[in-house]
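Here the structure comes first, spelled out in structure tokens, and everything after it is commentary.
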Amino acid sequence: MSQQGYVAAPPYSQAQAGMGGYSTGFGNPPPQSHYGYGSPPQGYSAPPTGVLKPPSSSPSGMPPPPVSTHYGSNIQQNGAHPHSFPPPVASAPSMSPYGQPPQGAFHSMAQTPPPTQQLTNQMSAMNIGGYGQRPMQGPQSPTSSAAPQYQTSPPPTMGHQPLSPPGPQPPTLGSPPPMATMGSMAGPPMGMSGPPGPGVQQPPMGPQGYPQQPGSPIAGPYGAQMAGPQMAGPQMAGPQSGAFPGGFPGGPAQMAGPPQKKLDPDSIPSTTQMIEDDQTKRGGQVYVTNIRGQVPPLVTTDFTVQDQGNASPRFMRCTTYSFPCTADLAKQCKVPLATIIKPFAIVPKNETPLYIVNHGEAGPIRCNRCKAYMCPYMQFIDGGRRYQCGFCSCINEVPVQYFQHLDHMGRRMDMYERPELSLGSYEFIATLDYCKNNKPPNPPAYIFMIDVSYNNIKSGLVKLICEELKTLLDRLPKEEGAETSAIKVGFVTYNKILHFYNVKSALAQPQMMVVSDVAEMFVPLLDGFLVNFQESRAVINNLLDQIPDMFADTNESETVFAPVIQAGSEALKAAECSGKLFIFHSSIPTAEAPGKLKNRDDRKLVGTEKEKTLFQPQRGVYEQLTKDCVAQGCCVDLFLFPNQFVDIATMGDVPSHTGGSIYKYSNFQMEVNGQQFLSDLRKDVEKSIGFDAIMRVRTGTGFRATDFFGAIYMNNTTDVEMAAVDCDKAVTVEFKHDDTLSEESGAVMQCALLYTTIGGQRRLRIHNLSLNCSSQLSELYKSCETDALINFFAKSAYRAMLNQPMKTVREILVNQTAHMLACYRKNCASPSAASQLILPDAMKVFPVYMNSLLKTPALVGSTELSTDDRAFHRLLVNSMGVEETQVLLYPRLIPLHTMDVSSEAIPTPVRCSEERLSESGMFLLENGLSMFLWLGQACPPDLIQNLFNVPSLGHLSSEGTSLPVLDNAHSRKIHSIISSISQRRASSMKLLIVKQKDRSELFSVSTWLRTRVFTEARPTWTSCATSICFGPDTRVVLLIED
Ligand SMILES: [Zn+2]
């Protein structure tokens, strides 16, 4: 493996069929039909009239019915179609393919009104927005947040697509098409309000049946939504001219002058304001995914998604929703084209879980040439006998059993009965062709591997784990509808040697088998090692009672590590299943064994060319282990309890390539970290997850996926292998042009994830997304998504730091930021004073995030930071989704001294800046990894009394980390705030209570400050702004204060 993150040379050609991985798995493609090739794609570019969506009798009526119940009726309807979906499991709302954990995220969404009411409300709101507010929006939004010196420049008239109400647009709210097969159904299944009706004039449909954006001549009052590049083009030439005559109040005068040394921090575009504005405009609404290239609400906004042909932004989120048509344009603007895919993202309870499509033994329908799966982008032609692939344009025969007549609009009569024809996301039951060795997989197993060396025994950790497992194992995830979990469990303890346990249900007592030859690891028992917890409960509980006592007197402080992973992987191999290892480990493995590590924490390297070596894992044993684990579908979760350097860069190597998670509890103390650890462990054991996964991202012609970032492993250039993938893991995929893209066809992509469910079923999860393409750079900038961009930059920089000096990595980030903004200034904004910083509206806070990224522990070269902490941070970010990187790079600073205890809501955060920490205030600060309660020296004594039950700040211990639960409104409120924040986060956060100017503050919040998590510091922004202002034309040097 190379050091570039396991990207090896492609052993397989691009043309290789299927998803690879299992060479025998995909069978031979059916003979290709040739008449499609080379012939002009008539049906494609000029779809039959039938492609237009059918009439609607009431454009504004028809709120989508509650999805699940309607699908139920659809299934009955479906009875007549032997090959139709879905199996009964998909019929009820509780039948989610992935059980949502009881503490589902997006908790607040459950409180939204019933869909009908919600939609009605929303439509009223939308009408106001559509007709009334739009003209106002132009000047409003920038001035409200931008300072005189800065100008965010949304393109006039067209510029507010991201800000306008995203909910169902009238054109899409038509009644169901009059389809014979649908008989008495009140509407299309799943509450899909789908086809826009003629009651409202609608734009011509694109080849995929989506409203075609470019140049819609009849955009009418919905121009802001529908207008595309062709209309926007000419107007874009002078963004400042039309809607923003004279710029913003007070702008030009100040802008003309020389840059000021000091800026009012309030003049910097406000991230919190932007988040708040988006929440106000789009929060609580239904985001319907039927419009190609539509920019979704921000990740911080609470909204409900209705899938109508494109994957929910929870699954796929892009850096821009309008790709440049040519490689030259892409090169010119340097805006990365990337999608962050979270294939198992949690679907809130009020949204429809994925439907499961079962085509029986025939398996999913796929394009003969590019192997894309059947999806809404396939165009049926020739009376329904053939279809043209939306990705490679190949004309395919429709298999006999899949044939269906087209309606008078040219659409299949069963379009709304089949998820794969009408939805962005769904699952197929995979056939044996998709299974290893053509055999159905066994259910996965979880193996708990506990380090019982001196430290872990002494801290009480071993006892804590054993106690917890007795109840936790009852909560193993199970397939929907199943009574018990199919996951088997096994137990290993270890220090320098390994102990396996036979916990077969027939035994009266568990039996221990010792393996002391760690150089040649083998699994000493097969029968009785992996068992069903329910059946072996008595023996397992007996074992868990005994383990702490067995090792109570241990003096052994040395441990092994690589043999532990190997043992787990071998055990899964012997049992012919995939699974996960939960390793609870305390120290650097120094015992004589493969994978032995030494302390190589040399901080003298910081700031030198060799700094990168600190983060490069030790190869050899671990490299091979990674390969073995991935091949076996063995995911490794590592819970670390270090008291000193443990070489996380190396110890985290296997977890970070197998879809695993890494948790770290430095200097573990039961009272301090116990609850946090237990909470993490519970979340981890219970979370929804798929095993032995392989993912392929297919694209339309003209561009392709070129790079992948995540807790993944790649054997070739296209197949993303993940021993497991859970609801928190995201893969960031970068795209490059290899040809010209057309505005008409747009850019389509399909992510197909083949995996094994927790019940041992092989499935394919499909996510489809279609984007716009434009030859106007202004379209691209307008459709940018800052949160997604910063996710991409974080991951690419964190990978680059393995191979390049930190200084170079930082310079690349700075230069690219400057280049992107300078390109906008040059090509999309009207001429302006040299000192005026002009930012695209969609990217106005991008520099703030970029500053923050540059100051993250991993990228900041400081000897004050531990190498392990930096390596840990690097690995964490690598698998993060957009929501996680957003809050990490712009932490929430919530004022508590002004909170309204009668309100349910979390108080609105203020700008995350040190200057906001007022002496008379109390703040909660969180970034998804840590949480601080900051107490100002002069914060109100009654608040202290209510929260801590002491009369004043002076009575509080400096080391206090616990917040008592007291019976008063303030106490209840703050606990409710903390718990609702924690529910949204992947890992639990330990609450640290710090007093202003206290010793502990120096080590916590101030460390944060010093490590530059607070990012709106004045000097930094000044120099950044200044240099962009003065070098707008070519390469801009952007000085970011170090
Ligand atoms: Zn194809």
Side-chain angles (χ1 to χ4, degrees), residues 12-20 25-45 47 51 206-210 292 309-311 323 339 357 359 362-382 384-399 402-403 412 418 420-426 428 433-434 694-706 717-719 733 735 737-742 744-754 764-771 773:
Y12 306 124
S13 74
Q14 287 279 9
Q16 168 117 354
M19 299 182 61
F26 298 92
N28 294 323
Q32 296 189 342
S33 59
H34 290 282
Y35 32 79
Y37 296 89
S39 63
Q42 285 165 348
Y44 198 63
S45 56
V51 180
Q208 277 83 41
Y210 293 101
R292 191 180 86 190
N310 284 295
F323 277 12
T339 301
V357 180
H359 286 313
I365 316 281
R366 307 177 66 176
C367 170
N368 286 333
R369 188 200 281 168
C370 72
K371 300 290 161 194
Y373 294 84
M374 182 53 66
C375 69
Y377 313 144
M378 302 299 186
Q379 185 74 47
F380 287 87
I381 54 174
D382 200 10
R385 287 186 291 277
R386 294 188 291 163
Y387 69 92
Q388 182 168 33
C389 176
F391 299 90
C392 72
S393 299
C394 172
I395 306 274
N396 293 274
E397 296 284 335
V398 172
Y402 197 68
F403 175 80
R412 283 176 61 116
R418 292 186 178 274
E420 77 275 20
L421 296 179
S422 49
L423 296 179
S425 301
Y426 42 87
F428 289 114
D433 287 344
Y434 295 84
I694 187 162
M695 183 175 103
R696 172 75 81 91
V697 178
R698 291 184 174 80
T699 54
T701 47
F703 73 114
R704 66 195 162 88
T706 53
T717 54
T718 52
D719 296 323
V733 183
F735 301 99
H737 285 75
D738 48 21
D739 205 344
T740 301
L741 299 171
S742 94
E744 187 187 11
S745 339
V748 290
M749 55 186 79
Q750 179 179 75
C751 162
L753 181 89
L754 176 64
L764 280 149
R765 177 170 280 218
I766 312 290
H767 296 300
N768 303 292
L769 189 62
S770 61
L771 308 178
C773 294

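Just so you know, ligand 1 is whichever comes first in the structure, and atom 1 is the first atom listed for that ligand. Everything numeric here is computed off the predicted structure, so don't read it as measured data. Numbers here are sequence positions counted from 1.
- Considering only residues two or more places apart in sequence or on other chains, D382 meets the side chain to side chain donor-acceptor pair (under 3.5 Å) condition with R385, R386.
- Counting only protein N, O or S atoms, the number found under 2.8 Å from the Zn ion (ligand 1) is 4.
- Proximity of R418 to Y426: side-chain heavy atoms (C-beta onward) are nowhere separated by under 4.5 Å.
- Residues passing the side chain to side chain donor-acceptor pair (under 3.5 Å) test with T701, sequence neighbours excluded: none.
- A search for ring pair (Phe, Tyr, Trp, His ring centres under 6.0 Å) contacts involving Y387 returns F380, not counting sequence neighbours.
- Here the side chain of Y377 pairs a donor or acceptor atom with the backbone of S770 at under 3.5 angstrom.
- Aromatic ring centres of H737 and F323: separated by at least 6.0 Å.
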